[in-house]
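Worksheet: one structure, shown below.
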Amino acid sequence: MKIKSFTLGVIVIVTIFGGVAISQAFGLWKTTSSKVPAKYQSGPFAGQYNPADIRGSYSFGDISEVFHMPVEDLAKAFGIRDDASASSFQCKELETIYADAQQAGMEIGTGSVRLFVAMYKGLPYELSEDTYLPKAAVELLKNKVDLSQEQTKYLDDHTADLNKLSATVDAEAVAVDKQETKGDYNSTEKMVKGQTTFKELLDWGVSKEEIETVIEDKLPNSTMLIKDYCSQQGKAFSDIKSALQEKVDALK
């Protein structure tokens, strides 16, 4: 049996658009990519979104929509003064804004957003000694959230006062310069920081294959700063840093 070209065309159109309609009806058709974190799988919070799965590519608008919290609070907490661009601001951009904090050993990035959202919403989250919050974020949490004594103590110990930060960084730089001048600078501490290169990881004993597994990419020029690589590739330095530090710690 031969099918006329016109009839065949109608069948194709109905098949395509009919499939789209059915997919939309069942929530299977999406025209844009959605940034939705994983949910807790068990316990009293099962079924709720888990802040620990917030990625560096998530914008404050994405987080506001998923966790039902004002984007203005996110902007205020992390010092984003331009309200118009706050919704499109991505978490990974914090690592550039707070580069001085990282130099002083205070990590402010995607992990900080995860921590802030978890405490803001009263959701469970594993606290890290490496994660810090800007002073504005801590003050906002204390004013809006019923924090436990343990949480308050943690925040007090992990507050980055940006007004004092520049002086702290300058003082540390001077101290390092003095040690290097005396020839007794101790460079044996194996900590992945903002100024760590891939070559240092290799020198510490982390294999090329392990590094490539973490960054999900071929090893770049070994003299490149890990932080610069993450910025170029649009990856969250805090996540890469933590994973690489685990590799380093496993060698001890």
Side-chain angles (χ1 to χ4, degrees), residues 19-98 101 107-128 131-148 151 154-155 158-160 216 230-231 233-242:
V20 171
I22 293 172
S23 298
Q24 288 178 328
F26 287 93
L28 301 176
W29 180 267
K30 295 182 180 179
T31 57
T32 58
S33 61
S34 59
K35 292 185 171 63
V36 180
K39 296 180 179 180
Y40 295 102
Q41 297 300 310
S42 60
F45 297 94
Q48 296 191 45
Y49 292 112
N50 187 347
D53 197 47
I54 291 173
R55 311 298 174 84
S57 60
Y58 284 26
S59 70
F60 281 2
D62 295 327
I63 296 169
S64 173
E65 182 177 352
V66 171
F67 290 97
H68 304 292
M69 55 192 299
V71 70
E72 293 80 10
D73 281 355
L74 285 163
K76 180 179 179 181
F78 291 96
I80 310 304
R81 295 182 175 84
D82 185 358
D83 293 337
S85 63
S87 290
S88 60
F89 183 87
Q90 293 183 314
C91 298
K92 62 187 178 185
E93 297 177 58
L94 291 173
E95 293 170 359
T96 300
I97 293 176
Y98 293 104
E107 184 74 45
I108 298 179
T110 304
S112 303
V113 178
R114 294 168 182 162
L115 170 64
F116 178 79
V117 173
M119 287 195 171
Y120 189 102
K121 300 296 294 186
L123 297 169
Y125 183 76
E126 185 176 350
L127 301 178
S128 170
T131 303
Y132 284 76
L133 287 177
K135 186 176 181 180
V138 173
E139 290 177 347
L140 193 151
L141 287 173
K142 288 182 176 180
N143 289 331
K144 283 202 167 190
V145 181
D146 185 15
L147 300 169
S148 68
Q151 288 175 321
Y154 174 86
L155 290 175
H158 292 80
T159 300
E216 298 179 339
C230 291
S231 296
Q233 298 299 315
K235 300 180 179 181
F237 174 63
S238 57
D239 293 342
I240 299 295
K241 169 191 167 185
S242 297

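- Interatomic distance, Ile108 CD1 to Ile97 CD1, rounded to the nearest 0.5 Å: 10.0 Å.
- At a threshold of 4.0 Å, the pair Arg114-Asp239 counts as salt-bridged, since one of the basic side-chain nitrogens sits closer than that to a carboxylate oxygen.
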> Going through the checks in order, is the side chain to side chain contact (heavy atoms under 4.5 Å, CB included) test met by Asp62 and Arg55?
Replying inline: CA-CA 10 Å; Asp62 295 327; Arg55 311 298 174 84; over 6 Å; no

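- Glu65 CD: 12 or fewer foreign heavy atoms inside a 6.0 Å radius.
- The aromatic rings of Phe78 and Phe116 sit perpendicular to each other, their planes meeting at more than 60°, with 30° as the lower class boundary.
- Within 6.0 Å of the NZ atom in Lys76, the count of heavy atoms belonging to other residues, nucleotides or ligands does not exceed 12.
- In this structure, Ser59 contributes its side chain and Phe89 its backbone to no donor-acceptor pair below 3.5 Å.
- Proximity of a side-chain donor or acceptor of Ser64 to a complementary backbone N or O of Phe60 within less than 3.5 Å is not detected.
- More than 12 heavy atoms of other residues, nucleotides or ligands sit less than 6.0 Å from atom CG of Asn143.
- Counting all heavy atoms, side chain and backbone alike, Ala38 lies closest to Asp53 at N-OD2, 2.7 Å.
- Ring centers of Phe67 and Tyr120: at least 6.0 Å apart, outside the cut-off.
- Tyr154 places a side-chain N or O within 3.5 Å of a backbone atom of Ser128 that can act as its donor or acceptor partner.
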>> Walk me through whether Asp73 and Lys144 qualify under side chain to side chain contact (heavy atoms under 4.5 Å, CB included).
In response: CA-CA 10 Å; Asp73 281 355; Lys144 283 202 167 190; 2.7 Å; yes

